[in-house]
Amino acid sequence: MTDPAPLRAADLVARRLYEAGCRLAFGMPGGEVLTLVDALERAGIRFVLAKHENAAGFMAEGAWHRTGAPGILVATVGPGAANAANVVANAQQDRVPLILLTGCVDPDEALTYTHQVFDHRALFQPIAKATFTLTAAGAEIVTDKALAIATGDRAGPVVIDVPISVADAVVERPLRSRHRPASPVGPAEGEALAAARGWLAGAERPVMLVGLDALAHGAAGTVQGFAERFGVPVVTTYKAKGVLPEDHPLALGGAGLSPLADGILLPLLARADLILLVGYDPIEMRVGWREPWNPDRQRVVEFAAVANTHYMHHATLGFVCDVGRGLDALGRGVAPRPATWADGAAAAAGRAHRDAFASGGRWGPAAIVEAVQRIFPPETVATVDSGAHRILLSQLWRTHAPRGLLQSSGLCTMGCALPLAIGAKIADPGRPVVAFTGDAGLLMGLGELSTLAELALPLTIVVFVDACLSLIEMKQRQRQMPAAGVDFARHDFAAVARAFGGVGERVTDAAGLAAALTAAAGRTDRFTLIAAEIDRQAYDGKI
Ligand SMILES: Cc1ncc(C[n+]2csc(CCOP(=O)(O)OP(=O)(O)O)c2C)c(N)n1
């Protein structure tokens, strides 16, 4: 019998990631991460080649949403690490547990060698939850700590910089470690909770505002049960859409970036006599959501994963706890009260919100979103890029389950929809996936069409083609500025898709779109890109 291969520090990293549930890593290799890539593959973690580190990071996020295992991004020294900066910032703002493994030159080498060398940890320090430099003996502990930090509240990115010689170092006696997550914590019994229960018992116009922490704490079922028991209508942030299925009578829709939606939902919140903030993280919200209620005059009870240091809003009573347990504790001993809002204002707001974004049968971005929703099944995972189309879609798209709509809503970065969709589809191949993107957003990461083709992933991309940075063009016009730097060419994206080996369709009306979508939904061997032509300024008055 031959001796087993000696264990390298990189193997310990990879094994620990495997034990944490990771089966996929995404990235672009360079000479400095070859041992890491080898170790990942040997450990049973498939390395998927993307065409840009930013996209690879979003693929890792897409996979995390479907599997629950932290995302892994691999980037090589220098340019590889620098290319990852945007998706690391996104992981921090969007609360994504992302482990970035970067290769680096050994410290002694870097004393006299400068090519591609800069301080990776200094680059990532302000945008990551933590940064480490791997050591050989501490490989397991560093990886374990990175996992614990990345997945702990609120989740975020952790960088492990791996010197080349450390990755290869043979490890004789690893320092063993095992992170075991602590049990979720509920709010303590006491005066504050008793007061909150009294407020709930007497509330006639309650509203729940549900956000990212509810998603992170898996509180969807609790939210629905609580809402039904106490008749509490639910507004969610964009990322929390689907925590309550959006065809539920108590679902008032999503809020975040749309002035049109704010005009309907903020007045309702102003009239509420009890506002329950359930894992509401205002990192997703626009300025209109700064101090949107008055905790001196309104009763506001907050359950959040971490203490409020953002000061975007304040609550009358705040509990730092597992948000599902918080809601459970609040309802304990309080008599059910399913009928609230006697004047019907909450239901009316829900209807107004629904009608405000509907297409009315006219061709344009709303009609396109409605057609996809009609033709694709409810279990479809949708992803959406940044821009005017996203604001419209996030209001209009009915999300039936948590993580049914993926996007960048903290950082709001362009170029995320396609790679998020790729990651989700690789991790959950049986599920239909549709990526919605603006034309500029697609151009930012066009190279990933090649990744899609290479992986033969049958997902559908819907591109809103208007040859314009519509969201920015609107803002420019609102400030009475002439158009500058917002227009570009109307490209033939269907032809581009075909060049990459996918099916490309250009559509200009509802019938053409329906036919293209129906064919796309049944396709199993390759991707479909539908270039939906819309007018410039098609979003005016619609978001
Ligand atoms: C990486 C990045 N750069 C710039 C922006 C600013 N930005 C937000 S939306 C937008 C326009 C996007 O255009 P497009 O993809 O065509 O979508 P549309 O607004 O037309 O729906 C820009 C430039 C951003 N959010 N992210």
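In this text the structure is predicted, and so the values were computed from the model without any measurement. Along the sequence shown, residues are numbered consecutively beginning with 1.
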When you check the gap from the basic side-chain N to the acidic O, do [X] and [Y] get nearer than 4.0 Å?
{"X": "D385", "Y": "R390", "answer": "no"}
{"X": "D492", "Y": "R506", "answer": "no"}
{"X": "D466", "Y": "R536", "answer": "no"}
{"X": "R398", "Y": "D247", "answer": "no"}

Exactly one of Q407, H389, K241 clears side chain to side chain donor-acceptor pair (under 3.5 Å) with S394, and that residue is Q407
Donor-acceptor contact present, side-chain [X] to main-chain [Y], <3.5 Å:
{"X": "D439", "Y": "A467", "value": "yes"}
{"X": "R498", "Y": "G504", "value": "yes"}
{"X": "K129", "Y": "I149", "value": "yes"}
{"X": "T236", "Y": "V210", "value": "no"}
{"X": "K542", "Y": "S359", "value": "no"}
{"X": "H310", "Y": "M312", "value": "yes"}
{"X": "R431", "Y": "E379", "value": "yes"}
{"X": "E41", "Y": "F47", "value": "yes"}

Does R403 make a cation-pi contact with W64 (under 6.0 Å, within 45 degrees of the axis)?
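Geometry flag: set, cation within 6.0 Å and 45°.
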Should we say atom NZ of K51 is surrounded by more than 12 heavy atoms from elsewhere, each under 6.0 Å from it?
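More than 12 within 6.0 Å, yes.
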Report, as yes or no, whether the 6.0 Å neighbourhood of atom CZ on R15 holds more than 12 heavy atoms from other residues, nucleotides or ligands.
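No.
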What I want to check is whether the side chains of E448 and T451 have a donor and an acceptor closer together than 3.5 Å.
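Distance-only check passes for E448 and T451.
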Are side-chain N/O atoms of T508 and E533 paired as donor and acceptor at under 3.5 Å?
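Short answer, no.
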Is there a side-chain contact between I543 and L260 (heavy atoms, below 4.5 Å)?
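No. Closest side-chain heavy atoms not under 4.5 Å.
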Verify whether the ring centers belonging to H313 and Y280 lie closer than 6.0 Å.
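For H313 and Y280, the ring centres are under 6.0 Å apart.
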